[in-house]
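Each remark here refers to the structure printed beneath this line.
Within every chain, numbering begins at 1; the chains are lettered A, B, ... in the order of the sequence lines, protein sequences first and strands thereafter. Hydrogens, waters and symmetry mates play no part in the numbers below; they use all other heavy atoms, side chains included.
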Amino acid sequence: MAATPAPKRAHAAAFDDVKVAFLLQFTNYVTWPEGSFEEKDSPLVICIEGNDDVYNGLREKVKGKKAGSHPIKVVREVSGACHIAFIDEANSESTREFIDKHGTEPILTVGANTSFTKDGGIIRLFIEDAKPRIEINVGAAEKADIKISSKLLKLAIIYDT
Amino acid sequence: MSTRQYRFAVSSTGSLLSSAIPCPRRLAIVFFLAFALMGTWCTHAVAEDDLTSLSIEELMNVEVTSVSKTSERRSEAAAAIFVLSSEDIHRSGARTIPDLLRLVPGLDVAQISGNKWSVTSRGFGGRFANKLLVLIDGRSIYTPQFSGVLWEMHDIRIEDIDRIEVIRGPGGTLWGANAVNGVINITTKPTEDTQGGQVVVGGGNVERGFGSARYGGQAGDDLFYRAYIQAFERRPQGNSGLGVDADDDWSGGSVGFRLDWNATDRDTFMFTGGISDVKAREELNVAVPPPVLSTRATTNNTLQNRYVLGKWTRTLSDDSDFELQVYYDYYIHEQLLLDETQQTADMEFQHRFAAGEKHSIIWGGRVRFHEDDFINTPAVTYPNASRNDMLYSLFVQDTFSATDELKLIVGAKLEYNSFSGFEFQPNIRAAWTPDEKQTVWAAISRAVRSPSRSEQDLELLLSFDTTPVDFANVFAGDPALESEELTAFELGYRRSIGENVFIDIATFYNRYDNLRSLSLGEVTALPQLPGLPSVLIRPSNFADGYTYGMEVTADWKPKSWWQIRAAYWYLNVNIDAPPDFFAATEDDVPVNQAYINSRWNLAHNIEVDATLRYVDEIKAFAIDEYFELDARIAWRPKDNLELALIGRNLLDSAHFEAEDTTLDFIPSEVARSIYFMVTWEF
């Protein structure tokens with residue numbers, strides 16, 4: 001939307017913008033099991049729950065972008081049809097409910113509330129010293145049959161139950 | 001002849017035509033302003049584009065300054081802008097648009113009767129308040145008859161509203177003549193977001209019953225649509241102060257659709273249309289010849305609206321696009337003393353592009369055709385019963401990034417319409433963002449309100465009198481009437497405090513010239529009132545004045561499950577007219593208004609919302625100040641089912657909010673309203 005070229009170096013941003021960028025990045029570092037996509041060009045579905053700004057921001061960013069051969073589709077509510085489910089709800093009940101229901105399905109669950117990985121979510125985004133950080137629950141990833149690239153694992157804090 | 005009669009005629013407003021720019025564009029402009037500063041010109045903030053081109057390692061080095069993006073977006077705009085999100089709308093539990101607008105600081109919303117509203121921004125109220133522009137998906141919904149909005153006619157599905165964006169202050173440049181004191185932009189949700197079925201039903205004591213069904217689907221990957229049907233019925237509310245139940249019930253229904261098609265990588269199309277039929281009962285005092293002089297009548301007014309709109313957006317490059325919009329709107333309004341038909345066909349285009357590194361330019365134009373037809377009665381006569389107008393306008397706006405922290409916006413609009421000639425509306429705005437936590441903005445604008453059809457052409461019987469002889473008082477419009485002018489000075493400040501608090505302050509000083517004034521004119525015999533002389537009361541532009549005020553909003557999120565919004569606004573009105581001339585009264589809006597809203601997300605999927613509102617007295621109409629409470633409690637036993645219990649105006653069994661002296665129309669109280677609502681998705 002900006003009409004002039006942007007600076008090369010990033011200095012500061014709002015957390016919601018950072019979440020949008022991370023969600024897009026994760027599509028490059030995560031592999032879903034065979035059968036997660038019907039066809040080579042079936043859409044990769046990212047579901048956003050609980051944060052309108054991330055939803056709107058992500059929708060803008062995915063225009064014309066692909067994850068490999070898959071176009072990216074952004075929807076508002078989480079369900080079993082998601083490849084990535086981003087749950088930004090304040091209370092952990094929604095997270096636990098979703099994990100209970102879909103924890104063994106190949107869905108990359110991402111969230112930002114403090115007990116996200118404890119509740120069984122796979123990737124938690126948080127801020128430490130004003131910088132964004134990632135925490136990964138490897139056990140949950142295994143349960144969901146989601147493969148996370150070692151490159152991402154190296155950058156993250158590992159949560160092991 | 002009493003003051004009341006003059007006030008009566010003075011408040012009957014009007015304006016000719018307004019140019020409107022569709023909401024997505026307006027949104028684009030606001031976000032554009034926001035991103036523009038967030039991007040290149042500010043060393044601290046980063047444009048979103050930039051973030052997504054970073055690697056993960058680089059992302060982890062970004063400094064996170066605020067939790068929410070909404071505050072940031074709003075925070076960079078050089079205007080007094082307030083947004084009601086779909087969440088705000090959903091949590092309010094309100095069932096009408098004016099009720100939603102009560103939450104916007106700077107707006108004065110008063111319910112006159114069960115189906116009549118006065119909505120205005122920064123002064124000059126009344127049912128025929130004429131200084132505000134209102135759009136739904138780019139279609140202007142005010143009537144050129146008096147340049148106001150027949151709020152009772154527009155039956156839009158609340159659940160389909162994506163956002164309501166309100167800019168208080170002159171939007172003359174981008175939104176045209178008539179956006180003198182503000183613009184209200186209502187946008188519906190993209191069809192991609194309303195897939196599947198949704199059924200809403202509810203009812204209560206005043207909301208006797210309402211229900212709607214919507215179904216959204218898609219055809220292939222690129223075409224999404226939805227269609228809906230809706231109906232409602234509202235009981236008469238409180239009594240009308242005369243000790244009897246008011247006759248002000250309101251009912252109707254509508255059907256409509258919207259379709260979004262991503263035809264190619266660069267082209268999107270949007271189509272929307274609808275039909276609504278509403279009945280609104282009203283009571284009024286009707287002037288009858290001597291010796292009786294006045295009688296009460298009740299009528300069940302009919303309002304029918306049909307519209308269709310299409311819009312094409314083409315992306316030309318990364319930083320430029322082009323939009324073309326066409327719509328047709330037709331309505332019929334049948335009242336006791338007048339039947340009218342209005343048709344509007346409107347086409348507009350807009351082009352946005354970058355010029356060099358520091359300039360971003362938007363320009364566009366509009367052509368509008370308007371035709372009206374009146375069926376006259378002796379009390380309400382348009383001697384020229386049918387009229388066509390053409391309106392042409394051109395606008396341009398440049399956003400210039402003077403430095404990293406300072407941007408300047410300069411723009412102007414030139415309009416020509418067949419009945420009031422040329423109007424020029426320039427404005428200049430600046431926003432200074434010294435750091436990512438605060439913004440100071442200022443603006444100087446000129447805006448214009450063109451005379452309405454009624455002010456130019458109407459002959460309206462006000463009353464009969466018998467001393468010294470039998471005669472009639474008649475307001476008689478003047479085609480030579482000029483536009484009212486506003487020069488507005490605005491200054492605002494926004495600040496984030498910590499991660500959880502956001503404050504927004506807007507102040508203004510408005511200087512008005514050529515305000516409508518009334519005076520006694522000649523005595524003559526009018527063909528529609530044979531047998532007795534008529535004293536004409538003529539409008540002119542001899543009043544002037546100034547208003548000043550301030551609006552403050554504070555948002556605080558003390559916990560992740562609890563957020564609070566508090567707002568306060570103040571308005572001071574001063575109007576002058578020469579001796580023997582009468583102008584609009586100074587005291588027809590409240591001086592102080594405030595509210596505090598709290599939103600709780602509790603366990604077990606329970607939501608609780610409460611809003612405590614205060615509205616100051618209205619001296620001119622002897623309306624007392626009041627406190628009111630609106631509350632909502634909702635429960636989602638399943639993902640796709642919501643049950644809600646909503647109460648509005650809970651503190652008093654009924655209270656008056658306004659009067660309307662325009663047609664000696666009888667106001668009634670606003671009653672305590674409690675209703676239950678079920679929303680089911682499938």
Using a cut-off of 6.0 Å, state whether more than 12 heavy atoms not belonging to [X] lie near its atom [atom1].
| X | atom1 | result |
| --- | --- | --- |
| B:Gln218 | CD | yes |
| B:Lys189 | NZ | yes |
| B:Glu57 | CD | yes |
| B:Trp600 | CH2 | yes |

Would you mind checking which part of A:Phe26 comes under 4.5 Å of any heavy atom in chain B, side chain (CB onward), backbone (N, CA, C, O), both or neither?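 Side chain of A:Phe26 only, per the 4.5 Å heavy-atom cut-off to chain B.
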Quick one: what part of A:Leu155 sits under 4.5 Å from any heavy atom of chain B, side chain, backbone, both or neither?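 For A:Leu155, the contact with chain B is made by backbone and side chain together.
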Chain A contact via B:Gln195 - side chain, backbone, both or neither, heavy atoms under 4.5 Å: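 Nothing of B:Gln195, per the 4.5 Å heavy-atom cut-off to chain A.
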Measure the [atom1]-[atom2] distance between [X] and [Y] for me, rounded to the nearest 0.5 Å.
| X | Y | atom1 | atom2 | value |
| --- | --- | --- | --- | --- |
| B:Asp162 | A:Asn56 | CG | CG | 7.0 Å |
| A:Gln25 | B:Leu54 | CD | CG | 8.0 Å |
| A:Ile134 | B:Ile56 | CD1 | CD1 | 4.5 Å |

Ignoring hydrogens, what is the shortest heavy-atom contact between B:Val62 and A:Pro132? Give both atom names and the distance.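 Closest pair (atom of B:Val62, atom of A:Pro132, distance): O-CD, 3.2 Å.
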For the residue pair B:Met60 and A:Lys131, establish whether any side-chain heavy-atom pair is separated by less than 4.5 Å.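 SC-SC contact between B:Met60 and A:Lys131 ruled out.
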Side-chain ion pair, A:Arg76 and B:Glu192, N-O less than 4.0 Å: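 No, no charged N to carboxylate O under 4.0 Å.
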